[in-house]
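Computed from a predicted structure; not experimentally measured.
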Amino acid sequence: MYLQQDRLIKSEEPISNHLLYSAVSLLKELISTPSFSGEESFSATLIQCFLQNRWVETHRKLHNVWAFNRFYDPGKPTILLNSHHDTVKPNTQYSRDPFDPMVVGDKLYGLGSNEAGGCLVSLLVTFLHFYNRRDLAYNLCYAATAEKETSGENGLRMILPELGRLDFAIVGEPTLMSLAVAERGLMVLDCVATEDTAGEEGDNAIYKAIKAIQWFSNFVFPKVSDTLGPVKMSVTTINDRSRNDVGPGSYSFTAEIRLTDAYTPDEILQIIRKHVNCTVIPRDIYLNPSVIDTNHPVVQAAMMAGCNTYGAAVTSDQALLNIPSVKLGPGDFARARMPDEYIHISEIQQGIKVYTQVLELLIFSLINNTSNYEPLIRGN
């Protein structure tokens, strides 16, 4: 049991009303609290207090907050339930106050409501629903993390060593409650074309850069991922020769590579360097692609709960995990950075329902047939 509105709620009670009320109330508070990437101190405190007021022991490092189920057993596998509480800056086209959590009909408006506040609070109250249960075949670790929007060093990446052994993860991002069983990675390359000292027109840095950009536009990688399709490349910025930081006789551009599981990042880099006549330098941080076996218990449980599966083109903190993981959550990524961002309250209700069903199915399967599932849970 845990404390809710000055009374004790048994986890066996119907979840739709009291959990939905708690989730929406917390989300309104989070919307009212600016939490741009790197500036999440106050939203982290809100989440921490929300848990502590329900007698949950919490852990915190900078702006990351996490907790484990009450009857944590180091001999059991552990599921990570993760979402982020940082946001981008509001779109300049907002017609509403982005920090005013206004409810209009079924819509809750506000910055971060859809990406990823709805996921964050739905996972949180689902965690609370299971928090006091003694019959869990898994441990649960709930982590509300920072700096996802900037791929910063002080978010999930920083606290992973603090969480102990994790066996697989559910990452909360707006997917319309479809299950992302694969996710593209991202590698950013800084490319510099330099003139040869001979100075012949054909060796002009601009011509070299044009040829390289055309190659990025036209090249097709031969291996194609079954779930994510082909590797995709695009040139995102071009810098002219007058830039002092590039140097005389040079022309630079930036390329983004949307990675799949068909190639390692090193293989992609080798192919690119073989084909373009310029210096290619990968940036320090890149995001790995993610793919999970569709026979994994978490995928099977989500499908039994009615989730469709797909491969996600957009990266998330999944890229930081070296364990099997899926991406699942209420809301629609298409609304992520739109003006007047919103989420449907009914989407939050559905998110809580599906998250709870998935965990119940996993618990039931493991209790009754552990031998069939444990090898997959261990990631083997």
Quick one: does [X]'s side chain get under 4.5 Å of [Y]'s, heavy atoms only?
X: Leu321; Y: Leu80; value: yes
X: Leu362; Y: Phe168; value: yes
X: Ile271; Y: Tyr263; value: yes
X: Lys211; Y: Asn277; value: no
X: Asn204; Y: Tyr251; value: no
X: Ser83; Y: Tyr142; value: no
X: Val56; Y: Phe50; value: no
X: Thr78; Y: Leu163; value: no

Under 3.5 Å donor-acceptor, [X] side chain and [Y] backbone:
X: Arg184; Y: Arg258; value: yes
X: Glu40; Y: Gly38; value: yes
X: Asn139; Y: Asp73; value: yes
X: Lys76; Y: Leu136; value: yes
X: Asn82; Y: Ala143; value: yes
X: His296; Y: Val298; value: yes
X: Ser32; Y: Lys28; value: yes
X: Thr175; Y: Gly329; value: yes

- Message: Applying side chain to side chain contact (heavy atoms under 4.5 Å, CB included) to Thr315 and Leu259, what does each step give before you reach the verdict?
- Response: CA-CA 10 Å; Thr315 58; Leu259 305 169; over 6 Å; no

Atom pair [atom1]/[atom2] of [X] and [Y] - distance to nearest 0.5 Å:
X: Ser122; Y: Ile343; atom1: OG; atom2: CD1; value: 6.5 Å
X: Leu120; Y: Leu124; atom1: CG; atom2: CG; value: 6.5 Å
X: Phe130; Y: Leu81; atom1: CZ; atom2: CG; value: 9.5 Å
X: Asp86; Y: Thr145; atom1: CG; atom2: OG1; value: 7.5 Å
X: Ser113; Y: Met102; atom1: OG; atom2: CE; value: 13.0 Å
X: Leu176; Y: His344; atom1: CG; atom2: NE2; value: 9.5 Å

Looking only at non-hydrogen atoms, find the nearest pair between [X] and [Y] and report the distance.
X: Ser22; Y: Val125; result: CB-CG1, 4.1 Å
X: Arg157; Y: Ser151; result: NH2-O, 3.9 Å
X: Leu19; Y: His129; result: CD1-CB, 3.9 Å
X: Gln318; Y: Ser325; result: NE2-OG, 2.9 Å
X: Ser316; Y: Glu183; result: OG-OE1, 2.6 Å
X: Ser43; Y: Ser35; result: OG-CB, 3.3 Å

- Query: Name the one of Glu341, Glu347, Glu115 that satisfies salt bridge (Lys or Arg N to Asp or Glu O under 4.0 Å) with Arg335?
  - Reply: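 Running salt bridge (Lys or Arg N to Asp or Glu O under 4.0 Å) over Glu341, Glu347, Glu115 with Arg335 returns exactly one hit, Glu347.
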
Hydrophobic cluster membership, with links at side-chain heavy-atom distances under 4.5 Å among I/L/V/M/F/W/Y: are [X] and [Y] in one?
X: Phe71; Y: Leu359; result: no
X: Leu111; Y: Phe42; result: no
X: Tyr94; Y: Met338; result: no
X: Leu228; Y: Val299; result: no
X: Met303; Y: Ile292; result: yes

- Message: Looking at Lys223, I'd like to know if its NZ atom is crowded, meaning that more than 12 non-hydrogen atoms belonging to other residues, nucleotides or ligands lie closer than 6.0 Å.
- Response: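 Check passes, neighbour count above 12.
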
- Message: Counting only heavy atoms from other residues, nucleotides and ligands, does the tally under 6.0 Å from CG of Asp226 exceed 12?
- Response: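 Open.
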
- Worked check of side chain to side chain contact (heavy atoms under 4.5 Å, CB included) between Arg283 and Thr254: CA-CA 10 Å; Arg283 294 190 182 174; Thr254 301; 3.8 Å; yes

- No-hydrogen, no-angle side-chain donor-acceptor test under 3.5 Å, Ser225 and Asp261: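 Yes, a side-chain donor-acceptor pair sits under 3.5 Å.
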
- Mind running side chain to side chain contact (heavy atoms under 4.5 Å, CB included) on Leu51 and Leu128 for me, showing each step along the way? CA-CA 8 Å; Leu51 287 164; Leu128 287 175; 4.1 Å; yes

- Message: What I want to find out is whether Glu39 reaches Lys89 closely enough, with some N-O distance under 4.0 Å, to be called a salt bridge.
- Response: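 No, no charged N to carboxylate O under 4.0 Å.
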
- Message: Taking Glu149 first and then Arg337, would you say they form a salt bridge - that is, a charged N and a carboxylate O separated by under 4.0 Å?
- Response: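 Yes, charged N to carboxylate O under 4.0 Å.
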
Per-pair distances, 0.1 Å, donor-acceptor, side chain in residues 60-68, under 3.5 Å, sequence neighbours excluded:
{"unit_1": "Arg60", "atom_1": "NE", "unit_2": "Leu62", "atom_2": "O", "d": "2.8"}
{"unit_1": "Arg60", "atom_1": "NH1", "unit_2": "Thr45", "atom_2": "OG1", "d": "2.9"}
{"unit_1": "Arg60", "atom_1": "NH1", "unit_2": "Gln48", "atom_2": "OE1", "d": "3.2"}
{"unit_1": "Arg60", "atom_1": "NH2", "unit_2": "Ser41", "atom_2": "O", "d": "3.2"}
{"unit_1": "Lys61", "atom_1": "NZ", "unit_2": "Glu162", "atom_2": "OE2", "d": "3.0"}
{"unit_1": "Asn64", "atom_1": "OD1", "unit_2": "Ala146", "atom_2": "N", "d": "2.9"}
{"unit_1": "Asn64", "atom_1": "ND2", "unit_2": "Lys61", "atom_2": "O", "d": "3.1"}
{"unit_1": "Asn64", "atom_1": "ND2", "unit_2": "Asn154", "atom_2": "O", "d": "2.9"}

- Hey, mind stepping through Met233 and Phe221 against side chain to side chain contact (heavy atoms under 4.5 Å, CB included) and telling me if it holds? CA-CA 10 Å; Met233 301 189 293; Phe221 287 87; 3.6 Å; yes

